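Bear in mind the structure is a predicted one, so any value in this text is a computation, not a measurement.
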Amino acid sequence: MIKLILAYACAGVGYVVSATFIVAILEEMPQLSGKGDWIWVILGLAAAPACFLWDKVANKFGELNTLLLTYALQMVAVIMPVLSDSLITNLIAAAIFGGTFTGIVSLMLTFIGHKFPLNPAKAMARLTICYGTAQIIAPAAAGYLASYYGNYHVALWATALVMLVGMGFLIAVKQDKFTRA
């Protein structure tokens, strides 16, 4: 349970830093100035069917494998604004981000429900508390880093690193699952 809580807290960081600052990040780019709001349109369109689609993927490849894929994709989406100031690249990043953050929530809560069938609400509450706590701490830390360095690059790299750590926790859960079988 602790590994799942930590993995989900990492996902909370991965979600909230981009969600909080994405418009400001893109508005700082000369080629994207005035176009930052479009990111939310693309993000929302990608998020709408995501839970349904990721559920289909999880049914075919397994919940943990699919969670690892969504974490990896979200990590890529978080980094893309650092690597490119292209409108198209950042619209793609928004679509990837929108398509993964809702998927991560849906997949994780479904997985935890399957793992703790006798009292899934209690397990889901624990995960949600840590996801929410990450959403309180991470924007303050990212804002501090952005203020200190004069841009969001370090904050986005740190966010990607946190997502990578979250993937490590998921891999540890996956290994536990196979060793116990």
Side-chain angles (χ1 to χ4, degrees), residues 1-22 25 39-82 90-117 120-139 141-142 155-177:
M1 182 67 179
I2 298 220
K3 292 172 193 165
L4 289 171
I5 287 171
L6 293 172
Y8 200 51
C10 291
V13 171
Y15 161 72
V16 76
V17 171
S18 286
T20 302
F21 297 111
I22 193 64
I25 292 166
I39 295 305
W40 283 109
V41 173
I42 300 302
L43 198 145
L45 289 172
C51 294
F52 171 77
L53 295 174
W54 285 117
D55 185 56
K56 296 292 183 194
V57 174
N59 285 338
K60 185 168 183 161
F61 297 104
E63 291 167 331
L64 283 173
N65 291 331
T66 306
L67 274 165
L68 284 165
L69 177 60
T70 56
Y71 273 57
L73 288 170
Q74 186 168 323
M75 187 173 61
V76 168
V78 165
I79 290 303
M80 287 174 79
V82 174
N90 283 285
L91 291 176
I92 292 168
I96 294 169
F97 183 76
T100 55
F101 83 86
T102 55
I104 289 170
V105 171
S106 174
L107 290 165
M108 186 64 88
L109 294 179
T110 300
F111 179 71
I112 210 75
H114 293 153
K115 194 153 179 70
F116 297 94
K122 183 177 179 180
M124 289 176 189
R126 287 180 178 165
L127 262 68
T128 302
I129 287 168
C130 292
Y131 190 87
T133 301
Q135 290 182 341
I136 294 167
I137 296 167
L156 292 174
W157 282 112
T159 300
L161 180 61
V162 169
M163 289 299 295
L164 187 62
V165 169
M167 290 176 71
F169 287 121
L170 289 175
I171 290 167
V173 169
K174 188 175 178 177
Q175 289 173 341
D176 285 349
K177 182 179 172 184

Just do the side-chain contact (heavy atoms from CB on, under 4.5 Å) check on Met75 and Leu161 with the steps written out, would you?
CA-CA 8 Å; Met75 187 173 61; Leu161 180 61; over 6 Å; no
Measure across [X] and [Y] and return the closest heavy-atom pair with its distance rounded to 0.1 Å.
X	Y	answer
Thr66	Ala58	OG1-CA, 3.2 Å
Pro139	Thr20	CG-OG1, 4.0 Å
Tyr8	Leu127	CD2-O, 3.2 Å
Leu68	Met167	CD2-O, 3.6 Å
Val78	Ala160	CG1-N, 4.2 Å
Gly14	Thr159	CA-CG2, 3.6 Å

Is there a side-chain contact between [X] and [Y] in this structure, where contact means two heavy atoms from C-beta onward sitting under 4.5 Å apart?
X	Y	result
Phe116	Met1	yes
Leu43	Phe101	yes
Phe169	Leu4	no
Tyr131	Val105	yes
Trp40	Ile22	yes
Phe111	Val173	yes

Going through the checks in order, is the side-chain contact (heavy atoms from CB on, under 4.5 Å) test met by Met163 and Thr100?
CA-CA 12 Å; Met163 289 299 295; Thr100 55; over 6 Å; no
If you round to the nearest 0.5 Å, how far is [atom2] of [Y] from [atom1] of [X]?
X	Y	atom1	atom2	result
Thr128	Leu109	OG1	CG	5.5 Å
Met108	Glu63	CE	CD	10.5 Å
Asp176	Lys3	CG	NZ	3.0 Å
Leu69	Leu64	CG	CG	12.5 Å

Any sub-3.5 Å donor-acceptor pair from [X]'s side-chain atoms to [Y]'s backbone N or O?
X	Y	result
Tyr71	Ala7	yes
Thr70	Leu67	yes
Ser106	Thr102	no

Would you find more than 12 non-hydrogen atoms of other residues, nucleotides or ligands less than 6.0 Å from Leu164 atom CG?
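Enclosed.
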Could you give me the CA-CA distance, side-chain angles and deciding distance for Phe21 and Leu156, then say whether side-chain contact (heavy atoms from CB on, under 4.5 Å) is met?
CA-CA 10 Å; Phe21 297 111; Leu156 292 174; over 6 Å; no
